[in-house]
Structure formats: C-alpha cells, structure tokens
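The structure appears below as structure tokens.
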Amino acid sequence: QVELVESGGGLVQAGGSLKLSCKFSGRTFSNYGMGWFRQAPGNEREFVGAIAWNDDITRYADSVKGRFTISRDNAKETVWLQMNSLKPEDTAVYYCAARNDIRVVMNDRLYDYWGQGTQVTVSS
C-alpha cells in the first residue's frame, strides 16, 4: 500500500514562496508518476502540476506556469512543489497524488493514491 505524506504548507504573504514536500512509501517510487492538486473552499479540486517518473517531463496548469516548479528525487522517494510569487488565489489545501504509471497524468480521477493534504494560505 502506498502512503503519501505532505508537509511544508503554511501562511505566507503575497509574493512570497513556499516549498511543499511529499514523501512516498510502500512501493517502488520510480514506477509512479506524481501530481499536485489543490482545492480551495467551495471549489472543485484542480490540477496544479505533474511529473513523470524520471524528472524530465513536467506539466503545469496555466495559472501556475512560470511560478511553480515540480521536482523529484527517486532515491529519496520524494516529490516537491516549489511555489514562488504566491498570490492570494493560490490559497488552498494542496494534495500530492501517485499513479502507477511512469508518464505525466493531469486527470485527478486517474490517480491511485492521495496524501492527506497541506494547507497553504497566502495573505494579501
């Protein structure tokens, strides 16, 4: 069974940065594509970004492109989401997800495992 544990959320002022971490355990990490999603109160969960198994292929939502960066280290079984130039509209609970597929996957319904989420709050 795969377990995902996110950390790194918090309160930051607009224009600031945060780096979220997601620690993977339970299976072979390099067999899994990883994604980050977020959900704000009253909104549906939305795609933020995703990374293929080998760190070479990433995809981002238009709303975060150029500001957020996903990376992974297969030896550490960890994926990160570096968030720069944060805006109040980035406020949400952020979730990492894993899919037993080496490719980039952007559809949340295709992911097999989810973390518990970490709150990110950006003040104006």
Side-chain angles (χ1 to χ4, degrees):
Q1 183 73 7
V2 170
E3 183 178 17
L4 302 173
V5 179
E6 301 105 331
S7 61
L11 173 64
V12 64
Q13 288 188 331
S17 298
L18 280 175
K19 187 173 185 177
L20 306 183
S21 300
C22 176
K23 182 70 173 71
F24 176 105
S25 63
R27 291 289 186 272
T28 303
F29 184 54
S30 58
N31 289 342
Y32 286 76
M34 301 296 294
W36 285 96
F37 296 81
R38 66 187 182 186
Q39 187 167 20
N43 291 357
E44 293 189 353
R45 186 167 58 196
E46 66 172 352
F47 171 75
V48 174
I51 187 166
W53 73 280
N54 63 352
D55 203 26
D56 283 351
I57 301 174
T58 55
R59 294 290 184 272
Y60 298 94
D62 287 344
S63 58
V64 306
K65 204 172 292 183
R67 299 187 299 122
F68 290 12
T69 303
I70 295 176
S71 60
R72 66 187 290 165
D73 185 326
N74 288 344
K76 295 181 179 178
E77 299 182 315
T78 300
V79 61
W80 295 276
L81 180 66
Q82 176 67 49
M83 305 185 294
N84 298 329
S85 302
L86 282 161
K87 305 174 181 180
E89 51 264 43
D90 294 319
T91 295
V93 177
Y94 283 70
Y95 299 90
C96 74
R99 172 172 166 82
N100 192 1
D101 187 332
I102 62 173
R103 299 169 296 176
V104 169
V105 176
M106 295 182 282
N107 186 337
D108 63 342
R109 297 180 182 181
L110 298 179
Y111 278 84
D112 303 307
Y113 302 99
W114 292 82
Q116 81 287 351
T118 186
Q119 177 70 47
V120 172
T121 303
V122 184
S123 63
S124 57

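What you see is a predicted model; the values in this text were computed from it and never measured.
For Thr121 and Gln119, the side-chain atoms include at least one donor-acceptor pair closer than 3.5 Å.
Proximity of Tyr113 to Tyr32: side-chain heavy atoms (C-beta onward) are separated by under 4.5 Å at one or more points. With contacts defined as side-chain heavy-atom distances shorter than 4.5 Å, the pair Leu81/Tyr94 qualifies. Counting heavy atoms from C-beta outward, Val104 and Thr58 have side chains that stay 4.5 Å or more apart. In this structure the side chain of Phe47 never reaches within 4.5 angstrom of the side chain of Asn107, judged on heavy atoms.
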Side chain to side chain contact (heavy atoms under 4.5 Å, CB included) evaluation trace for Asp90 with Val120: CA-CA 8 Å; Asp90 294 319; Val120 172; 5.5 Å; no
Side chain to side chain contact (heavy atoms under 4.5 Å, CB included) assessment of Tyr95 paired with Leu4: CA-CA 9 Å; Tyr95 299 90; Leu4 302 173; over 6 Å; no
Derivation and outcome, side chain to side chain contact (heavy atoms under 4.5 Å, CB included), residues Phe68 and Leu20: CA-CA 11 Å; Phe68 290 12; Leu20 306 183; over 6 Å; no
Candidate pair Arg67 and Met83, rule side chain to side chain contact (heavy atoms under 4.5 Å, CB included), full reasoning: CA-CA 6 Å; Arg67 299 187 299 122; Met83 305 185 294; over 6 Å; no
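Annotation: Phe37 is in aromatic contact with Trp114 [ring centroid separation under 6.0 Å].
Cys96 and Glu6 make their closest contact through N-OE2, 2.8 Å (heavy atoms, listed as atom of the first residue, atom of the second, distance). Annotation for Ser63 and Arg38: closest pair OG-NH2, 3.5 Å, computed over non-hydrogen atoms. Taking all atoms of both residues into account, the shortest heavy-atom contact from Ser85 to Ser17 is N-OG, 4.4 Å. Residue Ala92 comes nearest to Ala40 through the heavy atom pair CB-N, 3.8 Å, listed as atom of the first residue, atom of the second, then distance. Closest approach of Arg45 and Gln39 over heavy atoms only: N-NE2, 3.8 Å. The nearest pair of heavy atoms linking Glu77 to Arg27 is OE2-O, 3.9 Å.
Linking ILVMFWY residues whenever their side-chain heavy atoms come closer than 4.5 Å, directly or via other members, places Val12 and Trp36 in the same cluster. No single ILVMFWY cluster, assembled from side-chain heavy atoms under 4.5 Å apart, contains both Tyr111 and Trp80.
Atom NZ of Lys76 sits in a sparse spot, with 12 or fewer heavy atoms from other residues, nucleotides or ligands closer than 6.0 Å. Other residues, nucleotides and ligands contribute at most 12 non-hydrogen atoms within 6.0 Å of the CH2 atom of Trp53.
Test Asp56, Thr69, Ile70, Ile57 against Ile51 for side chain to side chain contact (heavy atoms under 4.5 Å, CB included) and you get one pass: Ile70. For the side chain to side chain contact (heavy atoms under 4.5 Å, CB included) criterion with Val105, the lone passing option out of Arg59, Met34, Arg99 is Arg99.
Aromatic ring pairs are classed by plane angle as parallel below 30°, tilted from 30° to 60° and perpendicular above 60°; the pair Phe24 and Phe29 is tilted.
The closest donor-acceptor contact from the side chain of Asp112 to the backbone of Asn100 lies under 3.5 Å.
For Glu3, the side chain to side chain contact (heavy atoms under 4.5 Å, CB included) partners are Val5, Ser25, not counting sequence neighbours.
Salt bridge annotation for Asp62-Lys65: present, with a cationic side-chain nitrogen under 4.0 angstrom from a carboxylate oxygen.
Rounded to the nearest 0.5 angstrom, Ile102 CD1 and Asn54 CG are separated by 7.5 Å.
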